[in-house]
K.L.:
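Would you mind keeping the following structure in view while I ask a few things?
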Amino acid sequence: MNQARTSDRVPAAAITGLIADALATLGLPADDAAKVAELMTEADLTGADAHGVFRLPQYVRRLKAGGVNPRPDIRVTKTAPATAMVDGDNGMGHLVMARAAETAIELARATGIAWVGARRSNHAGAAGVYAALPLAQGMIGIYSVVASANHMAMWGGAETLLGTNPLAVAIPAAEEAPVVLDIATTVVSYGTVKSYRLQGKTMPEGWMVSREDGGPLTDPAKSAEGLLLPIGGYKGSGLALALGLLAGTLNGAAFGRGVIDFNYDDDSACDTGHFIIALDVARFTPLETFAAEVDSHMRDLRNSQRLPGVDAIRLPGEQRHQRREDRMRNGVPMLPELRAQLDRLADELRVKRLSER
């Protein structure tokens, strides 16, 4: 999603306040609303603009329609010393994954590594937000989820039976920014397509193809008629399949034809499945040694010889870190179309607009 003009910036605190107030009016307890707001704002701060406050109107619709439980009884079942299952009781995915990450970190402290699955959950926003949660504890985080709608086919197919099923990996560093790789298994996320539709912009060729004839589809308003293309051809659809089986089927959650398209169905439970892995670096090598080595490799890669016409070598997590610092200091860029949409939503819910915070 493209950033807005520098002048169209909103303080992070205002975004957090709007989200928390909006969700509280729909029945979320204050602490839960604040936690969701914190995680959604983190997506905006780190540059995942299609997964932060941009999603608020959709979440509001689903809460109003009964598709999401505003007061879930989230339960954790420890299944072995290093594994656990989280039952989200159809709550907000951010709450479910916050609990799953907390559980994974706790188990990894005792065992060195933990794998925690989740089911009966919902869309939780940016994958990188959750992979990064173990970083503060000197741990590596790995996260994936079955996307909340199917927009991709198996390579060569014409049926949308796979989602954008992202993968995020976060690795601690010392003085350098942590390595945070957050990728959809499609060329772009569907949130980016929705952003283009909101702005009335034409999509580039290579993002989507028509399900009817396989030709380029560039009108985001017709995205329901198309397929998102996988990264790396058949490799991307194969990765989406593997991640879907691990996040969905392994957890007894939805996958394939069982996935609800939450873009068009507001009142059905999604039964979203996720998993998060936490790995304690110190069980393999001293954290300080590892982090220093990561720094050394990052600097070596950044300063390596560039191809002609390349202005800089960019590393995963580097721009994320820079954006967060900039946006905490100067505010989050916001498209005028999104701001107008959020103002209408605030009026509808009778909470303060962004400009009033």
Side-chain angles (χ1 to χ4, degrees), residues 39 42-43 45-48 51 81-84 97-98 100-117 125-145 165-185 231-232 235-236 238-239 242-243 246-247 274-329:
L39 293 168
E42 185 66 15
L45 285 170
T46 53
H51 291 291
T83 60
M97 278 316 304
E102 176 186 296
T103 301
I105 291 166
E106 179 185 341
L107 293 178
R109 281 200 192 102
T111 63
I113 187 170
W115 182 304
V116 177
V129 168
Y130 303 102
L133 291 177
L135 289 175
Q137 308 303 320
M139 296 182 184
I140 292 167
I142 303 174
Y143 169 81
S144 188
V145 60
N165 304 355
L167 174 66
V169 181
I171 301 171
E175 296 177 4
E176 292 288 322
V179 176
V180 182
L181 176 71
D182 180 354
I183 56 170
T185 47
I231 54 171
K235 296 177 183 179
L239 182 58
L243 293 171
L246 292 173
H274 322 242
F275 71 80
I276 186 166
I277 302 168
L279 187 147
D280 187 354
V281 171
R283 300 301 184 105
F284 296 83
T285 188
L287 177 61
E288 295 77 10
T289 302
F290 177 76
E293 278 290 301
V294 171
D295 278 6
S296 176
H297 288 302
M298 293 305 101
R299 290 164 184 159
D300 187 31
L301 291 166
R302 184 186 301 112
N303 297 322
S304 61
Q305 185 175 351
R306 300 191 299 270
L307 287 170
V310 175
D311 61 343
I313 292 174
R314 295 175 175 83
L315 304 172
E318 190 174 55
Q319 289 186 321
R320 181 182 194 273
H321 181 74
Q322 292 166 357
R323 281 194 198 100
R324 195 180 195 286
E325 288 188 338
D326 170 63
R327 293 179 179 196
M328 281 296 294
R329 189 169 52 246

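Note that these values count all heavy atoms, side chains included, but never hydrogens, waters or copies made by symmetry.
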K.L.:
Measure the shortest side-chain to side-chain distance between P172 and I140 over non-hydrogen atoms and say whether it is less than 4.5 angstrom.
P.N.:
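A side-chain contact under 4.5 Å exists here.
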K.L.:
To check you understand the geometry: which heavy-atom pair defines the closest contact between I105 and M139, and what is its length?
P.N.:
O-CE, 3.6 Å
K.L.:
Which atom names give the shortest non-hydrogen contact between A114 and L107, and what distance separates them?
P.N.:
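A114 and L107 have their closest heavy atoms at CB-CB, 3.5 Å.
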K.L.:
Does the pair I171 and F290 meet the rule for a side-chain contact (heavy atoms from CB on, under 4.5 Å), with working shown?
P.N.:
CA-CA 10 Å; I171 301 171; F290 177 76; 3.6 Å; yes
K.L.:
Could you go through Y130 and L39, starting from their C-alpha distance and side-chain angles, then the distance that decides it, and tell me whether this counts as side-chain contact (heavy atoms from CB on, under 4.5 Å)?
P.N.:
CA-CA 9 Å; Y130 303 102; L39 293 168; 4.0 Å; yes
K.L.:
Salt bridge or not between E318 and R323? Use side-chain N to carboxylate O under 4.0 Å.
P.N.:
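Answer for the salt bridge query: no.
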K.L.:
Once you round to the nearest 0.5 Å, how far does CZ of R320 lie from CG of L45?
P.N.:
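If I round to the nearest 0.5 Å, the distance is 10.0 Å.
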K.L.:
Start with the C-alpha gap between V179 and V294, add the side-chain angles, then the distance that decides, and say whether side-chain contact (heavy atoms from CB on, under 4.5 Å) holds.
P.N.:
CA-CA 9 Å; V179 176; V294 171; 4.2 Å; yes
K.L.:
What heavy-atom pair brings A291 and A173 nearest, and what distance separates the two atoms?
P.N.:
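Reported closest heavy-atom pair: CB-C, 3.6 Å.
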K.L.:
Starting at CG of L167, measure out to OG of S144 and round the result to the nearest 0.5 Å.
P.N.:
6.0 Å
K.L.:
Can a donor-acceptor pair be found, under 3.5 Å and without considering hydrogens, that links the side chain of S304 to the backbone of L301?
P.N.:
yes
K.L.:
Sub-3.5 Å donor-acceptor pair from the side chain of N303 to the main-chain atoms of R299, do we have one?
P.N.:
yes
K.L.:
Could I get the full list of side chain to side chain donor-acceptor pair (under 3.5 Å) partners for T103, not counting sequence neighbours?
P.N.:
none
K.L.:
Check whether any side-chain N or O of D182 sits under 3.5 Å from a backbone N or O of A168 as a donor-acceptor pair, and report yes or no.
P.N.:
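No.
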K.L.:
Stepwise, does the side-chain contact (heavy atoms from CB on, under 4.5 Å) test hold for V180 with V169?
P.N.:
CA-CA 6 Å; V180 182; V169 181; over 6 Å; no
K.L.:
Between CG of D295 and CD of E176, what distance do you get to the nearest 0.5 Å?
P.N.:
5.0 Å
K.L.:
With rounding to the nearest 0.5 angstrom, report the CE to CD distance, M298 to E293.
P.N.:
10.5 Å
K.L.:
Considering only heavy atoms from C-beta outward, does the side chain of V116 approach that of T83 to under 4.5 Å?
P.N.:
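No; the side chains remain at least 4.5 Å from each other.
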K.L.:
For the CD atom of E102 and the CG atom of L133, what is their distance to the nearest 0.5 Å?
P.N.:
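E102 CD to L133 CG: 10.0 Å, rounded to 0.5 Å.
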K.L.:
Quick one: CZ on R324 to NE2 on H321, what's the gap to the nearest 0.5 Å?
P.N.:
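It is 9.5 Å, given to the nearest 0.5 Å.
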K.L.:
Please confirm whether the backbone N or O of N165 pairs with a side-chain atom of T185, one donor and one acceptor, at under 3.5 Å?
P.N.:
yes
K.L.:
Determine all donor-acceptor pairs shorter than 3.5 Å in which one atom belongs to a side chain in residues 275-288; sequence neighbours excluded.
P.N.:
| from | atom 1 | to | atom 2 | distance (Å) |
| --- | --- | --- | --- | --- |
| D280 | OD1 | A282 | N | 3.2 |
| R283 | NH2 | R109 | O | 2.9 |
| R283 | NH2 | A110 | O | 3.3 |

